[in-house]
Amino acid sequence: MQGKLVPVGLLIVLVCSGSANADATIDTLSLWDGENCVGALGEPHTAYFGQSFVALDSQLTSVSFLLDGLDDVENNQPDAADFHLLVTPLASTGDRPDLNTILFESVTYSTSLNSGFELFTIDIDIPVIPGQSYMWVLDAFVAFDGSPGTAAIATVYNSYDDGEFRSFAIPDPPNTGIRTDHDNYVWDIELPPSQGEIPTVDAAFSMTFVPEPTSFLLLNLASLAFCGRRR
């Protein structure tokens, strides 16, 4: 009996080792100084914020970022900005998302009516190609309803070498056309107030990637089942 248990135990070890690969993470969120930000996402004009990135592994599982509802001076209260999170391939031009190929779209999220930055962590869980460029986008255009509502996003100065932060304000008059009209334009690259040694900003964000289940792992499971039948 003991001789039959050794191969089964070995297969269990192989199965566990095949699924024990560490997560891969992009993180500029921890570099945020608590002040730097870019505004204003939302109605009436700035419809999109986008941060390009390069996939580190084959499954994108989450993205985190910080937003702050901007003060409504007339009403003396913060505005609530509504948005969807999108993930798309990076367009061939390299300066905007491919809005014709949306790999993920979230439900509607809103900034709270409390002042200050709040952390959004959104589960995604989609396959991606390691080494390929993508963009995650905060899309406020889908929620434009004629009522002003804007937010600022926390940013860091040029801290991510494999991507950049872009925005797009829809042409006047606002709230016209459809989403796919907006990837025919050049999206603006965000510049800090001082055009010194630091040329651009990145979003303060984090993303987590994991490897998808491999055929090696499935083969081990099949072998384990086969040994069980023989025994």
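The chain is numbered in sequence order, starting from 1.
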> Given Phe104 and Asp125, is the side chain to side chain contact (heavy atoms under 4.5 Å, CB included) satisfied, shown in steps?
Replying inline: CA-CA 9 Å; Phe104 173 85; Asp125 198 24; over 6 Å; no

> When the ring planes of Phe205 and Tyr160 are compared, do they come out parallel, tilted or perpendicular, using 30° and 60° as the limits?
Replying inline: perpendicular

> When you look at Asp139 and Arg179, which way does the side chain to side chain contact (heavy atoms under 4.5 Å, CB included) test go after all the steps?
Replying inline: CA-CA 9 Å; Asp139 173 8; Arg179 177 190 282 162; 2.8 Å; yes

>> Show the nearest heavy-atom pair for residues Ser58 and Pro130, with the distance to one decimal.
In response: N-CG, 3.8 Å

> How close do Asp27 and Ser206 get, heavy atom to heavy atom, and via which atoms?
Replying inline: OD1-CB, 3.9 Å

>> Restricting to non-hydrogen atoms, name the atom on Asp82 and the atom on Ala143 that form the minimum distance, rounded to 0.1 Å.
In response: CB-CB, 3.5 Å

>> Does any part of the side chain of Ser64, heavy atoms only, come nearer than 4.5 Å to the side chain of Leu119, both counted from C-beta?
In response: yes

> When you measure from the side chain of Asp57 to the backbone N and O of Leu60, does any donor-acceptor pair fall under 3.5 Å?
Replying inline: no

>> For the CD1 atom of Ile102 and the CD1 atom of Ile126, what is their distance to the nearest 0.5 Å?
In response: 11.0 Å

> Should Phe209 and Thr25 count as side-chain neighbours, where that means a heavy-atom distance under 4.5 Å?
Replying inline: no

> Going only through I, L, V, M, F, W and Y residues with side-chain contacts under 4.5 Å, is there a path from Leu66 to Tyr109?
Replying inline: no

> Is Val201 linked to Val54 within one hydrophobic cluster, defined over Ile, Leu, Val, Met, Phe, Trp and Tyr using a side-chain heavy-atom separation of less than 4.5 Å?
Replying inline: yes

>> Strictly distance-based, threshold 3.5 Å: is any side-chain N or O of Arg166 a donor or acceptor partner for the main-chain N or O of Arg96?
In response: no

> If every non-hydrogen atom of Tyr134 is compared with every non-hydrogen atom of Pro89, which pair is closest and at what distance?
Replying inline: CD2-CA, 3.8 Å

>> Would you say Thr208 and Asp23 are linked by a side-chain donor-acceptor pair, where the criterion is simply a distance under 3.5 Å?
In response: no

> Which residue, Asp161, Val156, Asp162, Thr155, forms the side chain to side chain contact (heavy atoms under 4.5 Å, CB included) with Asp202?
Replying inline: Val156

> Looking at side-chain heavy atoms only, is the closest gap between Tyr48 and Leu138 below 4.5 Å?
Replying inline: no

> Once the angle between the rings of Phe120 and Phe83 is folded into 0 to 90°, is it parallel (under 30°), tilted (30 to 60°) or perpendicular (over 60°)?
Replying inline: perpendicular

> Just by modelled atom types, is the Ser52 backbone N or O under 3.5 Å from a matching donor or acceptor in the Glu164 side chain?
Replying inline: no

>> Please give me the minimum heavy-atom distance between Ala24 and Leu56, naming the atom from each residue.
In response: CB-CB, 3.8 Å

> If you measure from CD1 on Ile26 to OG1 on Thr28, what distance do you get to the nearest 0.5 Å?
Replying inline: 9.0 Å

>> Any heavy-atom pair between the side chains of Glu43 and Asp145 that's under 4.5 Å?
In response: yes

> Which of these passes ring-ring contact (aromatic ring centres under 6.0 Å, His included) with Trp32: Tyr157, Phe65, Phe117?
Replying inline: Phe117

> Does the side chain of Asp95 come under 3.5 Å of the side chain of Thr93 through a donor N or O and an acceptor N or O?
Replying inline: yes

> Is Met135 close to Val87 at the side-chain level, that is, under 4.5 Å between some pair of heavy atoms?
Replying inline: no

>> With heavy-atom distances below 4.5 Å as the criterion, would you say the side chains of Val63 and Leu85 are in contact?
In response: yes

> Any donor and acceptor pair, going by atom type alone, linking the side chain of Thr88 with main-chain N or O of Asp98 inside 3.5 Å?
Replying inline: yes

> Can you check side chain to side chain contact (heavy atoms under 4.5 Å, CB included) on Phe53 and Met207, steps first, answer last?
Replying inline: CA-CA 9 Å; Phe53 65 93; Met207 306 188 84; 3.5 Å; yes

>> If you compare all heavy atoms of Ala91 against all heavy atoms of Pro97, which two are closest, and at what distance to 0.1 Å?
In response: CB-O, 4.0 Å

>> How long is the straight-line distance from CZ of Phe141 back to CG of Leu99, given to the nearest 0.5 Å?
In response: 10.5 Å

> Can Phe144 be reached from Val137 by stepping across I, L, V, M, F, W or Y side chains whose heavy atoms are under 4.5 Å apart?
Replying inline: yes

>> Using the rule given for side chain to side chain contact (heavy atoms under 4.5 Å, CB included), can you reason through Thr46 versus Phe168, listing the C-alpha separation, both sets of side-chain angles and the distance that settles it, and then say yes or no?
In response: CA-CA 6 Å; Thr46 304; Phe168 180 70; over 6 Å; no

> Distance-only, no hydrogens or angles: does the Thr111 side chain make a donor-acceptor pair with backbone N or O of Ala81 under 3.5 Å?
Replying inline: yes

>> Counting C-beta onward and ignoring hydrogens, is there a side-chain heavy-atom pair between Leu31 and Leu29 closer than 4.5 Å?
In response: no

> Side chains of Ser62 and Asp123: closer than 4.5 Å at any heavy-atom pair?
Replying inline: yes

